[in-house]
Amino acid sequence: MLRLGAHMSVAGGLEKAFERAAQVESDAVQIFTSNQRQWKGREVTDEMVAAFTAAQGETDIKPVVSHNSYLVNLASPKDDLWEKSINGQIQELERCEKLGIPFVVAHPGAHTGSGREAGIERIVQALDRIHGDLPGYEVVTLLETTAGQGTTIGGQFEDLAAIISQVKEPERVGVCLDTCHIFVAGYDIRDPESYAETMGQFDEHVGIEWLKAMHFNDSKGELGSNRDRHDYIGQGEIGAEGFRSFMNDERLDGLPALLETDKSEDLHEDREAIELLRSLVA
Ligand SMILES: [Zn+2]
Ligand SMILES: [Zn+2]
């Protein structure tokens, strides 16, 4: 069984995410360790680590997954932005390593005109630099499948396969599959047949063993529309049937599957989605 959870706010302290995750009876959680729209990262103090570890210890919520800053673009052809991105990613990994967070989800990046090949080369170089600067780190960077909009890399499984096959330390990367993103990128998952076809393609190009986390979002956009607009599970173009296939796929047992949809203060949307997903298990 997948470990269901959601992206949770860290308002009031990083450790507050565990309370919120417990409130919706989830098994896993995703957070931002720092403001995702700012270059200047939050500093993680020993006190913060202690509070975080203690709060996690009171629950069974694991793994914690972090999502990196939206500003980071490891594929950028512009040296200044690329260097800033590498720096930002290093700081993110440092925060996660301190906090004992095993995974950081990262959008591969956008080549902004230099072309797919050049973009992939930049990402590989950036990851090699980051890994070289942080020897022995346990935290793993999960490259996220993207909606394939604009010049983004990661809309095709082949993009991720190319990156993984070229980095010097492939054991330090993995994949986060976002259901909304792959669907609008053109991979159908709405029924058992299309699901088998899509996951077969993933396994062929990337390899299912590289899949370490999932983002569970339904989609407001249609198949192949490249529109990255998340919807509540069962209320979008994918529909609950598509998620039934994921929920009953034994190859995914133990992986975190995290919701990234809007929520009210009482978090009832997440609670209801998690309940719905559990009800799909045969
Ligand atoms: Zn996502
Ligand atoms: Zn998205």
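Numbering of ligands and ligand atoms starts at 1, following listing order.
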Specify whether His67 and Phe32 have parallel, tilted or perpendicular ring planes, treating 30° as the upper limit for parallel and 60° as the lower limit for perpendicular.
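Geometry flag for Phe32 against His67: perpendicular rings.
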Where does the angle between the aromatic ring planes of His230 and His181 fall among parallel (under 30°), tilted (30 to 60°) and perpendicular (over 60°)?
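His230 and His181: tilted rings.
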Would you say Ser264's side chain and Asp266's backbone share a donor-acceptor pair under 3.5 angstrom?
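No, Ser264 side chain to Asp266 backbone: no donor-acceptor pair under 3.5 Å.
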Would the distance check show the side chain of Thr141 and the main-chain N or O of Val173 forming a donor-acceptor pair, the cut-off being under 3.5 Å?
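Such a contact is absent between Thr141 side chain and Val173 backbone.
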Any idea which N/O/S atom from [X] gets closest to the Zn ion (ligand 1)?
X: His215; result: ND1
X: Asp178; result: OD2
X: Glu260; result: OE1
X: Glu144; result: OE2

Would you indicate whether the side-chain heavy atoms of Leu134 and Ile90 approach each other to under 4.5 Å?
yes
His230 NE2 and Asp228 OD2 subtending at the Zn ion (ligand 2) (10° steps):
140°
